[in-house]
Q: 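Structure below; questions to follow.
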Amino acid sequence: MKHLLEVDDLGAEGIESVLRLTDAFVEVSARSIPKVPALRGKTVALLFFEDSTRTRLSFETAAKRLSADTMNFSVASSSVKKGESLRDTALTVEAMGVDAIVVRHGSAGAAHRVASWVDASVVNGGDGWHEHPTQALLDCYTIRGQLGGVDGRRIAIVGDVKHSRVARSDVAAFTALGAEVTLVAPPTLLPPDMTGWPVRVSHDLDAVLPDVDVVYLLRMQHERMTEALLPTLREYTTRYGLTRRRVDLLAPKAIVMHPGPMNRGVEISAEVADLPQAVIIDQVRNGVAVRMAVLFLLIGAGTDRLARDLVSAAVDDHG
Ligand code: CP
C-alpha cells in the first residue's frame with residue numbers, strides 16, 4: 001500500500017494488520033528509550049492546513065520514535081499566506097526530499113489531490129468532512145484493548161455526524177471489523193443522504209445507551225456549521241449530551257470515547273470526561289503507536305514479521 005487516504009484503502013485485513021503491528025510499537029513506546037531505527041534516513045513531512053493538537057504531535061512523535069526526520073509545515077507561517085496553491089506547496093515540500101507527507105486540510109479530497117501530485121506516500125490526517133483514517137485505527141485499537149475486540153460490539157456514535165470525518169472513518173472501520181453501529185443525532189446533524197451507510201439511526205440517546213458496549217461522542221463542529229442546525233446548544237446538551245445521569249444507563253463494562261478536542265459541558269459533561277470508563281486519554285496514547293505502525297507500513301519494511309524482528313533487535317541494542 002502506498003497511501004492511506006481512507007479506511008477502505010485498508011479493508012478488514014489491512015486494519016487487522018495495522019492493529020497487530022501496533023502491538024509491537026506499544027511495546028517500544030513503553031521502553032525507557034522508546035526508539036527503533038525502522039525509518040532511519042527517511043523524512044516525514046507534516047503538512048497541516050488546519051489546526052491540530054493530537055494528530056500533528058502524535059505523527060511527529062511516531063516518526064521520531066521510528067528514527068525518521070520530520071519537517072513541519074504550518075499554514076500560519078508559510079507562503080500559503082502569500083497565495084501559494086496546495087499543489088505548489090506540496091511539490092515544494094516534496095522537492096526537499098520527503099518519503100511521506102501527512103496532510104490535514106479543511107477541504108474533502110485534499111489528501112487525494114496531494115497523492116496525485118507527489119511520488120511520496122501520503123497519509124490523510126483529516127480532510128474536511130470526508131475521512132480521518134488514523135483516528136479510526138486508534139479507535140479500533142482502543143476498543144480492542146478495552147473490550148477484547150471490535151467484532152460483535154455494539155457502538156453508538158453520538159452527535160454531529162453530518163460534519164464529522166471521524167464518524168465516516170469510524171463507521172467504515174468498526175463495521176469492517178464486525179461491529180454494529182448506531183448513529184444517534186438530531187435529524188439536522190445527520191447527512192442528508194445516508195444511502196449505503198451500514199448503520200442504524202436513532203434520535204433517542206436514553207433508549208440506545210443501555211444496549212451498547214461503546215458510546216462514542218462527536219465534537220460539536222461549530223466551525224463547519226454554516227446554517228442554524230440546532231435551536232440552542234443547551235437543548236442539544238439536554239437531549240444528546242452525555243451527562244452523569246446518562247452514564248448510569250450504560251452497562252457496567254461499557255466505555256466512553258471521544259476523538260478530542262472535547263467541548264466539555266456540550267457533548268460530554270466535565271465530570272463524565274474524567275470518569276474511569278472514559279478512555280479518551282487512552283485513545284490519545286494509542287494514537288502514537290498506531291501512527292508508528294502506519295508510517296512503518298507505508299515507508300518502512302512493511303510487514304509485522306519485520307517489525308517484530310526490528311523490535312527484538314532494538315531490545316538487544318538497548319539491553
Ligand atoms: N482527534 C483529532 O484529530 O484531534 P486534533 O484535531 O487535535 O488532531
Side-chain angles (χ1 to χ4, degrees), residues 4-7 10 15 18 22 44-65 70-76 100-111 114 122-143 145-146 155 157-174 189 214-225 242 255-264 266-268 272-273 278-295:
L4 177 57
L5 303 175
E6 53 195 37
V7 167
L10 288 165
I15 296 170
V18 172
T22 300
V44 176
L46 306 170
L47 205 58
F48 276 60
F49 291 83
E50 237 192 16
D51 295 341
S52 165
T53 299
R54 282 147 282 266
T55 310
R56 178 199 280 272
L57 290 178
S58 61
F59 264 115
E60 186 170 2
T61 307
K64 286 180 171 161
R65 287 188 181 171
T70 56
M71 192 188 288
N72 247 301
F73 168 92
S74 173
V75 72
I101 305 178
V102 182
V103 181
R104 165 155 304 184
H105 201 284
S107 299
V114 172
V122 175
V123 184
N124 182 359
D127 61 330
W129 303 5
H130 176 228
E131 281 231 23
H132 193 353
T134 58
Q135 178 71 45
L137 292 168
L138 73 89
D139 290 336
C140 289
Y141 191 80
T142 304
I143 293 170
Q146 294 288 330
I155 303 175
I157 298 179
V158 183
D160 186 2
V161 179
K162 179 174 178 167
H163 301 102
S164 177
R165 55 196 175 210
V166 172
R168 283 168 182 77
S169 289
D170 272 348
V171 166
F174 294 163
L189 291 184
V214 179
V215 55
Y216 194 106
L217 303 160
L218 297 171
R219 183 171 69 85
M220 190 60 72
Q221 305 207 17
H222 307 287
E223 76 277 18
R224 298 193 209 283
M225 289 189 195
L242 193 67
I255 58 171
V256 176
M257 300 177 71
H258 192 301
M262 289 182 275
N263 294 306
R264 287 181 185 242
V266 180
E267 67 267 2
I268 185 167
V272 170
V279 297
I280 297 155
I281 292 298
D282 298 85
Q283 290 172 260
V284 175
R285 191 175 297 115
N286 291 333
V288 175
V290 162
R291 286 166 176 138
M292 287 171 82
V294 167
L295 291 175

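By convention here, the first residue in the shown sequence is residue 1. Note that ligands are numbered from 1 as they come in the structure, with each ligand's atoms numbered from 1 the same way.
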Q: According to the interplanar angle, ranging from 0 to 90°, do the rings of F49 and F73 count as parallel (below 30°), tilted (30 to 60°) or perpendicular (above 60°)?
A: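 Judged by the thresholds at 30° and 60°, the geometry between F49 and F73 is tilted.
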Q: Run the numbers on T134 and L4 for side chain to side chain contact (heavy atoms under 4.5 Å, CB included), then give the verdict.
A: CA-CA 8 Å; T134 58; L4 177 57; 4.0 Å; yes
Q: Are T22 and N286 close enough, and set up right, to give a side chain to side chain contact (heavy atoms under 4.5 Å, CB included), and what steps lead you there?
A: CA-CA 8 Å; T22 300; N286 291 333; 5.9 Å; no
Q: What residue and heavy atom of the protein are closest to atom 4 (O) of ligand 1, and at what distance?
A: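 For atom 4 (O) of ligand 1, the nearest protein heavy atom comes out as R54 NE, 3.0 Å.
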Q: Testing E60, R104, M71 one by one against L46 for a side chain to side chain contact (heavy atoms under 4.5 Å, CB included), which residue passes?
A: E60
Q: Which of the atoms in ligand 1, numbered in the order shown and given with their element, are less than 4.0 Å from a heavy-atom of T53?
A: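 Answer for ligand 1: 5 (P), 7 (O), 8 (O).
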Q: Assess the residue pair K64 and V44 against the criterion (side chain to side chain contact (heavy atoms under 4.5 Å, CB included)); give the C-alpha distance rounded to whole Å, side-chain angles, the decisive distance to 0.1 Å, and a yes or no.
A: CA-CA 9 Å; K64 286 180 171 161; V44 176; over 6 Å; no
Q: Examine the side chains of Q283 and D139 and answer whether a donor and an acceptor come within less than 3.5 Å of each other.
A: yes
Q: Who's the nearest protein heavy-atom neighbour of atom 6 (O) of ligand 1, and how far?
A: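 The closest heavy atom on the protein side is R104 NH1, 2.8 Å.
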Q: Should you measure from each heavy atom of Q135, which atoms of ligand 1 turn up under 4.0 Å away?
A: 1 (N), 2 (C)
Q: Suppose I only count heavy atoms of T55 and a 4.0 Å limit; which atoms of ligand 1 are within that range?
A: 2 (C), 3 (O), 5 (P), 8 (O)
Q: Taking atom 3 (O) of ligand 1 as the point of reference, which of H132, R56, E50 owns the nearest heavy atom?
A: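 Selected option, by shortest heavy-atom distance: H132.
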Q: Which ligand 1 atoms are under 4.0 Å away from a heavy-atom of G260?
A: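 Checking each atom against G260, I get 1 (N), 2 (C), 4 (O).
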Q: Decide whether the shortest distance between a heavy atom of G126 and an atom of ligand 1 is less than 4.0 Å.
A: no
